[in-house]
Amino acid sequence: MPELPEVETTCRGIAPYVIGETITALHIHQRQMRWPIPKQIDALKGATITDVSRRGKYIQLHTGNGEAIIHLGMSGSLRITEPKEPKRKHDHVEWLMSNGHALRLHDPRRFGCVLWHKAGTPAHPLLEKLGPEPLGNAFTADYLFDQTRKRKTAIKVFIMNSHIVVGVGNIYASESLFMAGIRPGRASGRITRNESERLVDAIRTVLAKSIKQGGTTLRDFVNSDGEPGYFKQQLLAYDRAGEPCTQCGGLIKQKVMGQRSTYYCSFCQS
DNA sequence: CTAAATACCTGATGGC
DNA sequence: TGCCATCAGGTATTTA
């Protein structure tokens with residue numbers, strides 16, 4: 001579900017309601033997520049949230065003791081609600097804030113996680129080896145070109161590897177490659193320097209545009225207000241199998257790569 | 001080391 | 001209506 005634009009939208013949405021607030025209560029209804037929610041998460045009780053940040057698709061709630069690390073997996077969402085609002089099925093965690101609002105984690109598939117990183121300890125292993133932020137200065141054509149050398153993996157699978165670059169999921173991988181005119185099945189090592197530049201530009205452009213639209217809602221993504229994102233209307237390749245290509249009018253093809261549906265135009269992408 | 005398969009989990013959908 | 005197979009926005013871990 002949530003890729004970088006959806007996670008960014010969520011962060012921006014919850015920030016005004018939680019920064020500067022003290023956590024008055026923490027309710028865990030379901031501990032079993034991707035990994036069990038650790039006991040140390042209780043360090044949040046009584047702590048004040050000083051900042052909300054994002055690293056890749058991980059959301060961090062910072063306090064003086066350390067930070068909670070939240071991942072939304074495939075089906076997760078974080079919403080600001082009123083504490084009295086009835087708990088829905090799959091509302092696994094609830095944080096009560098000193099301003100009277102509640103933050104709730106809803107995640108039917110439970111591929112997400114809530115972890116704790118204590119202040120002053122070495123970087124969390126999950127975040128330690130992540131690649132650069134796609135919208136940051138370190139993600140350049142030179143970097144991508146260099147990383148792809150001698151790699152045989154399909155370029156689509158490659159850019160979805162968070163150790164290479166974070167935040168590019170299944171939707172935006174197809175969209176970026178369409179925009180860059182590169183076939184998703186191309187061996188990474190065969191991508192030229194010029195194509196590398198087009199791909200970096202495309203990834204940055206598509207992610208930035210989607211953030212402006214509040215992300216993509218395919219079926220169940222909602223932002224912190226419970227509202228969908230509107231980027232779906234601007235998808236050029238993803239989920240458009242059999243529909244005409246916006247560039248050439250040919251039909252968009254669908255193919256499974258790395259166990260994930262992949263969409264492309266065989267005329268416009270080479 | 002790389003590359004591909006596997007695992008985690010629920011819900012929606014479509015065929016019979 | 002019910003049952004079964006398939007698919008879904010992620011990614012760490014296991015296997016080859």
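None of the values given here were measured: they were computed from a predicted structure. Naming: A, B, ... by sequence-line order, numbering from 1 per chain.
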Heavy-atom side-chain proximity of [X] to [Y] below 4.5 angstrom:
X: A:R186; Y: A:L177; answer: no
X: A:I171; Y: A:L235; answer: yes
X: A:Y172; Y: A:I159; answer: no
X: A:K156; Y: A:S174; answer: yes

Touch class at under 4.0 angstrom, heavy-atom based, for [X] against every strand present:
X: A:Y58; value: sugar-phosphate
X: A:H92; value: nothing
X: A:Y172; value: nothing
X: A:K232; value: nothing

Out of A:I14, A:T10, A:L61, A:V52, which residue meets the side-chain contact (heavy atoms from CB on, under 4.5 Å) rule with A:I70?
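Of A:I14, A:T10, A:L61, A:V52, side-chain contact (heavy atoms from CB on, under 4.5 Å) with A:I70 is met by A:L61 alone.
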Could you tell me how far B:dA3 sits from C:dG9 if I compare only their P atoms? Round to whole Å.
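C:dG9 and B:dA3 have their P atoms separated by 23 Å.
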Spacing of the P atoms in C:dT14 and B:dC9 (rounded, Å)
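Straight-line distance between the two P atoms is 15 Å.
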[X] has an atom [atom1]; how far is it from atom [atom2] of [N], in whole Å?
X: A:D220; N: B:dC9; atom1: CG; atom2: P; value: 19 Å
X: A:K156; N: C:dT11; atom1: NZ; atom2: P; value: 13 Å
X: A:I164; N: C:dT11; atom1: CD1; atom2: C1'; value: 14 Å
X: A:H90; N: B:dC9; atom1: NE2; atom2: P; value: 13 Å
X: A:L126; N: C:dG10; atom1: CG; atom2: P; value: 16 Å
X: A:I171; N: C:dG10; atom1: CD1; atom2: P; value: 7 Å
X: A:D107; N: B:dT10; atom1: CG; atom2: C1'; value: 9 Å
X: A:D91; N: B:dT10; atom1: CG; atom2: P; value: 15 Å

Is the charged tip of A:R149 near the ring of A:F145: under 6.0 Å from the six-membered ring centre and within 45° of its axis?
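Cation-pi check for A:R149 and A:F145: passes.
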Donor on one side chain, acceptor on other, A:Y264 and A:Q269, under 3.5 Å
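The criterion, which ignores hydrogens and geometry beyond distance, is not satisfied for A:Q269 and A:Y264.
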Side-chain donor-acceptor pair present, A:Y238, A:T216, cut-off under 3.5 Å
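The criterion, which ignores hydrogens and geometry beyond distance, is not satisfied for A:T216 and A:Y238.
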Counting runs of three or more consecutive pairs, Watson-Crick or G-U wobble, with each distance below 3.5 Å, where are the stems of DNA chain B?
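Listed by first number, the stems are B:2-8 with C:10-16, B:10-16 with C:2-8.
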Considering just the side-chain nitrogens and oxygens of [X], establish if one lies under 4.0 Å of OP1 or OP2 belonging to [N].
X: A:H71; N: C:dT11; result: yes
X: A:H163; N: C:dT11; result: no
X: A:S261; N: C:dA8; result: yes

Tell me, which pairs form a side-chain hydrogen bond (donor to acceptor under 3.5 Å, both in side chains) where one or both residues lie in residues 21-33 of chain A, sequence neighbours left out?
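Matches after skipping sequence neighbours: A:E21-A:S98, A:T22-A:T48, A:H27-A:E94.
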What one-letter contact string describes nucleotides 1-8 of chain B from 5' to 3', where B marks a base within less than 4.0 Å of any protein heavy atom, S marks contact via sugar-phosphate atoms alone, and - marks no contact?
-SS-BB-B
